[in-house]
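Contents: one structure, followed by commentary.
Residue numbering restarts at 1 for every chain, and letters A, B, ... go by the order of the sequence lines.
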Amino acid sequence: MPELAEVEYYRRRWDCALGQRISAVAAHAEKRVFRSISTRRWTELLRGSILHSSEARGKLMLFRLSNKLWLGLHLGMTGELRVERPDFKPAKHDHLVLYQNARTLVFSDPRLFGRIRIHQGEVAPAWWSSLPPSLLSKEFTPARMAGFLHRHRRLPIKATLLLQSGFPGVGNWMADEILWRARVHPRTLSGALEEDRQRILWRAIRLVARGAMKHISPDFSDPPRGWFFNERWGNGGKCPVHGVALARDSISGRTTVWCSRCQP
DNA sequence: CATCTTGTTACGTT
DNA sequence: AAACGTAACAAGAT
């Protein structure tokens with residue numbers, strides 16, 4: 001589920017725990033979500049550490065702790081963060097559980113596509129520092145986007161939008177929302193977009209990213225009426241502009257929904 | 001039972 | 001060498 005704004009929503013859920021010590025750790029250490037962790041004893045490192053702050057970039061989250069510890073989280077397809085009572089007992093999919101005096105922090109992920117990383121050092125880990133600029137930052141410019149589209153000029157634009165190295169945080173529904181607003185057919189090759197169409201696409205990316213952050217991150221509400229988002233799941237979706245039945249097909253292995261009238 | 005899934009990555013091919 | 005297509009990962013929903 002989690003794309004840009006949903007990741008931000010889950011990150012904020014643990015805000016209540018900042019400044020507080022982790023008193024105990026429970027983990028399903030053999031699960032795939034821990035595949036990036038090399039050190040044994042990592043649960044001992046976390047136990048006793050204080051959770052200082054957190055940040056989300058794209059679909060990744062980084063938590064800074066005392067003792068020069070950093071906790072990286074990716075929610076994959078089905079991951080989520082929750083806050084439970086102090087006496088919480090982990091269930092089947094609750095793979096990382098951090099106990100504090102007043103609450104319990106839970107990372108759960110049924111499909112195990114998520115990823116948990118631990119890093120120890122003065123500064124944030126390299127995988128974090130080398131992330132591409134956020135879609136809402138000054139560094140995400142039309143020129144940068146143009147270069148990325150050119151590098152992937154033989155790839156359908158739908159697939160290019162899903163590349164996290166160019167469009168961090170964009171997932172399947174955001175990509176469809178962006179293309180519908182930019183009136184670009186999802187199969188269009190990335191290199192075939194004229195400069196003016198690229199500019200429209202860039203603006204749609206900013207609008208969708210900003211709107212998603214505004215409407216979804218505070219409380220996981222759906223975007224307002226008129227968003228493509230509200231029509232693209234299940235069959236029977238209608239274009240918010242024309243009421244025309246939406247087209248649906250698999251593009252680069254991902255289900256894609258579009259309006260054949262808006263996006264010729 | 002078959003098919004689907006809001007994500008990434010390994011691997012073989014172009 | 002870089003980019004591309006596809007299968008694989010895993011488990012639940014329909």
Side chain of [X] (C-beta onward), nearest among [options]:
| X | options | result |
| --- | --- | --- |
| M77(A) | dG12(C), dT6(B), dC4(C) | dT6(B) |
| H152(A) | dT6(B), dA3(C), dA11(C) | dA3(C) |
| K59(A) | dT8(B), dC4(C), dA3(C) | dT8(B) |
| W173(A) | dT6(B), dA11(C), dC9(C) | dT6(B) |
| H74(A) | dT8(B), dG12(C), dC4(C) | dT8(B) |

Specify the separation, in whole Å, of atom [atom1] of [X] and atom [atom2] of [N].
| X | N | atom1 | atom2 | result |
| --- | --- | --- | --- | --- |
| R35(A) | dT9(B) | CZ | C1' | 9 Å |
| W180(A) | dT6(B) | CH2 | P | 20 Å |
| L161(A) | dG7(B) | CG | C1' | 15 Å |
| E80(A) | dT6(B) | CD | C1' | 14 Å |
| Y10(A) | dG7(B) | OH | P | 13 Å |
| L155(A) | dT6(C) | CG | C1' | 13 Å |
| W127(A) | dT9(B) | CH2 | C1' | 17 Å |
| I178(A) | dT6(B) | CD1 | C1' | 13 Å |

Determine the Euclidean distance between corresponding P atoms of dC4(B) and dT6(C); express it in Å to zero decimal places.
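Between the two P atoms, the distance is 15 Å.
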Considering only the P atoms, how many Å lie between dA7(C) and dT3(B), rounded to the nearest integer?
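One P to the other, the span is 14 Å.
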Please tell me if [X] has a side-chain N or O lying less than 4.0 Å from either OP1 or OP2 of [N].
| X | N | answer |
| --- | --- | --- |
| R151(A) | dA2(C) | no |
| Q164(A) | dG7(B) | no |
| R115(A) | dT9(B) | yes |
| K158(A) | dT6(B) | no |
| R254(A) | dT6(B) | yes |

Strictly distance-based, threshold 3.5 Å: is any side-chain N or O of S53(A) a donor or acceptor partner for the main-chain N or O of R64(A)?
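Not a single qualifying donor-acceptor pair exists.
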Set of residues satisfying salt bridge (Lys or Arg N to Asp or Glu O under 4.0 Å) with respect to R115(A), sequence neighbours excluded
none
Looking at E194(A) and R197(A), does any basic side-chain N land under 4.0 Å from a carboxylate oxygen?
no
Heavy atoms under 4.0 Å, any strand shown: does G253(A) hit a base, just sugar-phosphate, or nothing?
nothing
Both conditions, 6.0 Å and 45 degrees, for the charged tip of R117(A) above the ring of W42(A): are they met here?
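Checked: cation-pi criterion not met.
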State whether the aromatic ring of F113(A) stacks on the base of dC9(C), taking stacking to mean ring centres under 5.5 Å apart and ring planes under 30° to each other.
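Base of dC9(C): stacked against F113(A).
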Which label fits W70(A) and H119(A): parallel for a plane angle under 30°, tilted from 30 to 60°, or perpendicular past 60°?
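Tilted.
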Enumerate, atom names and distances included, each donor-acceptor pair closer than 3.5 Å involving a side-chain atom of residues 16-28 of chain A, sequence neighbours excluded.
residue: R21(A); atom: NH1; partner: G48(A); partner atom: O; Å: 2.4
residue: S23(A); atom: OG; partner: Y99(A); partner atom: O; Å: 3.0
residue: H28(A); atom: ND1; partner: H95(A); partner atom: ND1; Å: 3.0

Which nucleotides of DNA chain B pair, in dot-bracket form (Watson-Crick or G-U under 3.5 Å, | meaning another strand)
.||||.||||||||
Taking all non-hydrogen atoms of both residues, which atom of T160(A) and which atom of S190(A) are closest, and how far apart?
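Scanning both residues completely, I find the closest heavy atoms to be OG1-OG, 2.6 Å.
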How do R32(A) and H93(A) order along DNA chain C: which one's closest nucleotide is nearer the 5' end?
R32(A)
Is it the case that the ring center of F229(A) lies less than 6.0 angstrom away from the ring center of W233(A)?
yes
